[in-house]
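The block underneath contains the structure these notes are about, expressed in C-alpha cells.
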Amino acid sequence: MFRRITRAVLRVPVVLVTSCGLVLSAGGSAGVGAVPEAVAYRADGGPAPDHPVDRRIRAVMAEMTLAEKVGQMFVLQVNGDTATTTNPTDVAANQALYGSDVRNGAELLAKYHPGGIIYFNATNNLNNPQQVALLSNGLQRAALADHGVPVQISTDQEGGFVTRIPPPSAIAPGNMAIGATFDRDVSFSTAAATGRQLRAMGINMDHAPVVDVNTNPRNTADGTRAFSDRTATVSAFGAAAVLGYQGGGVAATAKHFPGLGDAEANPDTGIAIVDETREEILRTHIPPFRAAIAAGVKSIMPTAVIVPALDPSGTPAILSRPIVTGLLRDTLRYDGVVVTDALRADALAGIPQDEVILAAIRAGNDELLLPADPPAAIATVIDAVRTGTVSRHRIDQSVYRILRMKAELGLFDDPFTTSEAVDSTVGTPADQQIMADAARRSITLLRNQAGVLPLPANSRRHVLVTGWGASAVPSLATQLSAKGLVATPMWTGSPDQQTIRQVVAAATASDVTVVLTNNAWGDVNQQNLVKALLATDTPVVTVAVGGPYDIAYLPSAPTFLAAYGYRDVSLAAVADTLVGAEPTGRLPVTVRTPDGTRVLYPYGSGIGYQGSAPGGSEPSGQPGR
C-alpha cells in the first residue's frame, strides 16, 4: 500500500492571450484554483521578503550544501523499475553511468542529489502504472531521507508518437491531430487527462506541450508533434494545453524555445538551423511562448537549434545568453524554470562537455537535462563555483526557482501517491473516451474521388491492410476485422521492389487495399508502393499516419485520409471512419506542391462523405469551460 497523498491543486492565474484573441479562464469546471501570487527572484536583490513561500524556500536553501544546490540543477536518468533495484542489467547500466557505488536510484540521489529524475521506457522505468507509482514513491523517500528536498519526476508525454506512459493509460492522439479538431477545448481536456494520470503515478512534470509552429513541411523534429503551421492556432492550443496539464497537477514545459518549426534537422540527431530573419521569428515563432507564459507555464525548454538572426555567433540556442537571458528572461520577462533540452544531443557533440555545462548556466538555464557524463558535469559546476568562475548567487537563482516550483506543485507538503490514486485515475473510461473522441474528431478526409468510402461494415469484404508501421498495420487490420470485414495485414515498412511485387499480388486478390504511409514525402520507396497499388484494379485507400504532406507526393491517389498518428487511439478512429463514421477533421496546416510554389490544400481543408466541408475556418472552443 502506498502512502496517501494530499494533493495540492496547481495554481494558474487568469490570463489574457492577446495574440490569439482568446481569454483563458482558470476556474470553474477546469478545477484550477486561485493562489497567492508567485514570488519572482530578482537578480538585483533576490525575492520579495517575508512571503510564506519565500521564507520556506530560503529556510531550505540555508541548510543545503553547495553539492546539494548544484545537484538540484541536474535532471538525470536512472535505470530500474524500483528505486532500490537489484536487477543486474539495471545495476550495470547505472554503474556504467554513475560509478560502481551507484547501483540504483536511491544511491544516485544519496551521492549526487539530483533535483530531477526523468523516466524513459528504455531505462525500465515505465512498465505499468502501479510499478511507476512505486518507483516514484521510492525515489521521493530516498530524496527526503538524503536532504529533505522532494525530487522533480518528469517524462515526455506529448501524446501521439512521443508517448511514454504505459497501458492501460489513456493516450492522447498527438498535437497535430488535436489541432485538426479545430477546438481548443480538446487541447485542454486531453492535456488535463494526461496530467491527472501522470500525477497519479507520481510524475510531477511533463515535458509538453510542443509549441513550435511547423512552418517547414520537411521538419523532422516536429511534424505531427506541432499543433499547426499557424501562429495564432499554436498559441491558442498551446496555452490551453498548459492550463490542462497544470490543472491536472503537473508542471507543463513549453518547448522548443525559440521555435524549431522552420528547421529541417532534429537537434537530437544533427545540426538544426533556422535561417529566418529576426522579424520573422518574433512574428511567427515567439508568440506561442508568450501565450504559454501568460497561461502560467511552469517551465520552458530551449533546444540546440542555431538561430543566426538571434545570435550571430552561431551558438546553439540552448547555450546562448542572447537567446535564453536576452530574449526569454529579459524581453519576455519569464521567471519560471528554464530546463535545457538534452545536453547529450548530437548537435552539441562537437563541444567539450565542460564548456556545454558552463555555457548552459551562463546562458540562463536553471535545470541541466541529461549531460553526457553526469558525474563529470556535476564536478564541473562545483569546481566552477569554488574557483569563482560561476558565482554562488547565480546557483542560488536557479535553485530558488526550482524549489519554488516544487513548492507550488505541493511537493514539500506531500510528494507521494497511492495505489488507490492509480486505480481510480489512470486509464479511466472517462479519460479513454476523451482521447477517443479527440482522435475521432481529427480524422481528415481530403479525397474521396472514386467514392470508395465508406466501406460497408459487416460486409465480409476482403481488405488488404499494408504499408508503413510494423504494429500499426496489424492493429488496423484487427480493428477492421472487428467491424465485419476480412482484413489481412501485410507490413512493408520502406519496401524494396520484391516486397512491392508481393503486396501487389496480394492486392489483386482483395476487394479493397488500405495502405498506410508515414512521411512518404521523404521516402521514395513508400511512394513507389502506393503507385504500384494504384496501378492494380483494386480500389486503394491511402491513410497518412504521419503528417498530411504525403498527399502532395501522391497526386494520383483518389482516396486519402489524414490520421496524424499511428497509436491505437488514432487507428481505432481510422477504422471507424473507414466504415462510416463521418470525418470531421480539417487540416491544421497548409499542404503545398513539393516545390512549395503552389497551395494544394489550404489550412482548414477537409470534406465529409457527402463532399461538403465539415465546418468553418477557425478554431473554436474555450478551454476550461
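Just so you know, these numbers use all the heavy atoms, side chains as well, and skip hydrogens, waters and symmetry mates. Keep in mind it's a predicted model, so treat the numbers as computed, not measured.
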| Among pairs that include at least one residue of residues 526-561, which meet ring-ring contact (aromatic ring centres under 6.0 Å, His included), considering only residues two or more places apart or in two chains? |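 Of all non-adjacent pairs touching residues 526-561, none passes ring-ring contact (aromatic ring centres under 6.0 Å, His included).
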
| field | Summary of ring-ring contact (aromatic ring centres under 6.0 Å, His included) pairs that have at least one residue in residues 254-290, sequence neighbours excluded | value |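 Counting only pairs at least two positions apart or across chains, the ring-ring contact (aromatic ring centres under 6.0 Å, His included) contacts touching residues 254-290 are Phe257-Phe289.
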
Show the atom names and distances, to 0.1 Å, of all donor-acceptor pairs under 3.5 Å that link a side chain in residues 430-438 to residues at least two apart or in another chain.
residue: Asp431; atom: OD1; partner: Arg196; partner atom: NH2; Å: 2.6
residue: Gln432; atom: NE2; partner: Pro168; partner atom: O; Å: 2.9
residue: Gln433; atom: NE2; partner: Asp437; partner atom: OD1; Å: 2.7

Run the side chain to side chain contact (heavy atoms under 4.5 Å, CB included) test against [X] and tell me which residues pass, sequence neighbours left out.
X	value
Ala241	Ser187, Ala191, Pro209, Phe227, Tyr245
Ile271	Ile273, Ile306, Ala347
Asn216	Arg218, Asn219, Asp262, Glu264
Thr478	none

| note | Pro583 and Thr577 have their tightest heavy-atom pair at CB-CG2, 4.0 Å

| field | Partner set under salt bridge (charged side-chain N to carboxylate O under 4.0 Å, His left out) for Asp576, not counting sequence neighbours | value | Lys483

| note | Across all chains, not counting sequence neighbours, the salt bridge (charged side-chain N to carboxylate O under 4.0 Å, His left out) partners of Arg225 are Glu158

Which pairs would a plain distance check flag for residues 455-474, meaning a side-chain donor or acceptor within less than 3.5 Å of a matching protein atom at least two apart in sequence or in another chain?
residue: Ser459; atom: OG; partner: Pro456; partner atom: O; Å: 2.8
residue: Ser459; atom: OG; partner: Arg461; partner atom: N; Å: 3.3
residue: Thr466; atom: OG1; partner: Met490; partner atom: O; Å: 2.6

| message | Per the side chain to side chain donor-acceptor pair (under 3.5 Å) rule, what does the pair list look like for residues 526-545, sequence neighbours excluded? | response | Asp523-Gln526

| field | salt bridge (Lys or Arg N to Asp or Glu O under 4.0 Å): pairs with one or both residues in residues 484-511, sequence neighbours excluded | value | none

